[in-house]
Amino acid sequence: MAVTKELLQMDLYALLGIGEKAADKEVKKAYRQKALTCHPDKNPDNPQAAELFHQLSQALEVLTDAAARAAYDKVRKAKKQAAERTQKLDERRKKVKLDLEARERQAQAQGSEVEEDSRSTRTLEQEIARLREDGSRQLEEQQRLIQEQIRQEREQRLRGKTENPEGKGTPKLKLKWKCKKEDETKGGYSKDVLLRILQKYGEVLNLVISSKKTGSAVVEFASVKAAVLAVKNEVGLVNNPLKISWLEGQPQGTVSTDGTSYSGLPQGSVLSERDYESLVMMRMRQAAERQQLIEQMQREDEEGLPT
């Protein structure tokens with residue numbers, strides 16, 4: 001059987017699925033296993049199977065003859081070494097090419113950095129010049145704001161004296177609600193919750209929750225008007241009502257326990273007719289806000305539960 005030159009370009013060991021050091025016995029066994037699958041008698045209509053059977057037969061012929069196998073191995077080794085040299089050369093060429101491209105990119109980047117630095121310097125100089133021009137305007141604006149704040153504080157103090165002519169200082173209220181010592185939610189009344197409830201009546205200057213007595217707090221309003229409205233109208237959370245009473249600054253003629261008498265207040269000072277007209281709308285807002293607080297607390301409790 002003549003061995004074709006095309007076959008010698010193939011890897012005969014890979015064709016049979018054996019190693020380079022396989023003995024004749026292993027070569028013949030591998031040949032039989034592969035030849036059985038592509039024998040022409042089993043594949044009469046498959047020309048590719050017949051071609052593969054022919055190649056397997058030639059591989060068997062070369063690898064089972066000592067002289068032919070030695071010559072094939074020598075040629076195969078030379079081809080493998082040549083391929084490795086070509087690969088190394090290609091890798092060196094590729095590395096040189098990549099190095100050249102990298103140096104080109106580095107040079108371009110350095111040029112871009114120099115240009116960017118120059119632009120940044122010009123921008124900084126322009127910003128410094130602008131700040132110098134705007135500096136006086138900024139200073140004037142800040143001084144104006146400070147003067148405006150001083151004026152508002154002066155007017156606020158004057159309003160406090162007008163609303164509290166008896167000189168009792170800012171009004172302070174005592175807040176109470178049900179709360180157990182071990183209750184981490186503090187009965188639903190955190191400082192934020194209390195502020196949201198009370199600030200709708202007016203400015204709250206201070207709010208202190210007692211650390212010794214649970215369910216107790218003191219709130220200081222900026223005006224008597226706000227304190228009076230809070231005592232009269234606020235009931236707190238539906239599931240845990242607030243009890244509000246006067247601590248300091250109660251106007252004469254007011255009844256702090258039930259809010260039924262305000263006869264001692266001059267008309268238009270603490271509770272004017274306009275205040276009474278707005279009470280209905282205020283109570284509607286209170287109900288809506290209390291409901292929002294309850295829903296928010298329920299969501300926070302659900303999120304805090306372990307899953």
Side-chain angles (χ1 to χ4, degrees), residues 1-134 302-307:
M1 181 184 294
V3 178
T4 62
K5 292 182 180 180
E6 291 80 4
L7 182 70
L8 295 179
Q9 302 299 320
M10 301 174 60
D11 188 339
L12 302 183
Y13 294 103
L15 180 64
L16 289 172
I18 57 177
E20 296 179 359
K21 297 182 180 181
D24 287 356
K25 184 178 179 180
E26 295 177 81
V27 174
K28 293 175 183 179
K29 181 179 179 180
Y31 166 76
R32 288 193 303 270
Q33 289 176 345
K34 288 187 174 292
L36 283 173
T37 62
C38 60
H39 195 280
D41 293 343
K42 290 187 176 182
N43 303 273
D45 299 326
N46 187 353
Q48 292 181 352
E51 178 65 21
L52 178 57
F53 179 79
H54 182 63
Q55 292 174 353
L56 291 172
S57 300
Q58 290 183 318
L60 174 68
E61 185 178 25
V62 171
L63 297 181
T64 53
D65 183 271
R69 182 171 180 174
Y72 171 75
D73 287 345
K74 186 176 181 179
V75 173
R76 181 173 179 269
K77 182 178 180 181
K79 288 174 59 180
K80 186 176 181 181
Q81 290 174 346
E84 291 175 352
R85 287 194 299 269
T86 302
Q87 182 179 1
K88 290 180 180 178
L89 180 61
D90 290 343
E91 290 176 352
R92 284 197 295 270
R93 289 173 179 169
K94 184 177 180 181
K95 185 176 184 302
V96 170
K97 181 181 178 183
L98 292 175
D99 289 343
L100 287 173
E101 292 176 350
R103 284 195 290 269
E104 290 176 358
R105 287 195 298 270
Q106 184 177 5
Q108 293 175 356
Q110 289 176 348
S112 300
E113 288 177 359
V114 171
E115 185 178 354
E116 179 64 25
D117 290 343
S118 178
R119 284 199 299 268
S120 299
T121 301
R122 290 195 299 270
T123 302
L124 178 58
E125 291 173 349
Q126 293 170 358
E127 289 300 316
I128 291 174
R130 182 186 61 77
L131 289 174
R132 287 174 179 170
E133 294 176 358
D134 294 345
E302 291 173 357
E303 293 173 354
L305 292 174
T307 57

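What you see below is based on every heavy atom in this structure, not just the backbone, and it leaves out hydrogens, waters and symmetry mates.
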K42 side, atom NZ; L36 side, atom CG - distance, nearest 0.5 Å
5.0 Å
CG of L100 to CZ of R105, rounded to nearest 0.5 Å, is 10.5 Å
With a sphere of 6.0 Å drawn around CD of Q48, does it hold more than 12 non-hydrogen atoms of other residues, nucleotides or ligands?
no
F53 versus H39, closest heavy-atom pair with distance:
CE1-CD2, 3.6 Å
Do R93 and V96 make a side-chain contact, defined as non-hydrogen atoms from C-beta onward lying under 4.5 Å apart?
no
For A35 against L56, the heavy-atom pair lying closest together:
N-CD1, 3.9 Å
Here the pair of heavy atoms bringing M10 nearest to L15 is CE-CD1, 4.1 Å
Step-by-step side chain to side chain contact (heavy atoms under 4.5 Å, CB included) determination, L52 to Q55:
CA-CA 5 Å; L52 178 57; Q55 292 174 353; 4.1 Å; yes
Does N43 reach the main-chain N or O of N46 with its side chain, forming a donor-acceptor pair under 3.5 Å?
no
Is any side-chain heavy atom of Y13 closer than 4.5 Å to a side-chain heavy atom of D73?
yes
Under a 4.0 Å N-O cut-off, is there an ion pair linking K95 with E91?
no
Listed pairs under 3.5 Å, donor-acceptor, residues 20-30 side chains, sequence neighbours left out:
unit_1	atom_1	unit_2	atom_2	d
E20	OE2	R76	NH1	2.7
E20	OE2	R76	NH2	3.4
E26	OE2	A23	N	3.2

Could you state the interatomic distance from OH (Y31) to CG (L63), rounded to the nearest 0.5 Å?
12.5 Å
Using the rule given for salt bridge (charged side-chain N to carboxylate O under 4.0 Å, His left out), can you reason through E115 versus R119, listing the C-alpha separation, both sets of side-chain angles and the distance that settles it, and then say yes or no?
CA-CA 6 Å; E115 185 178 354; R119 284 199 299 268; 3.0 Å; yes
Min side-chain heavy-atom separation L16-L60 under 4.5 Å:
no
Nearest heavy atoms of Q33 and T37, plus distance in Å:
O-CG2, 3.6 Å
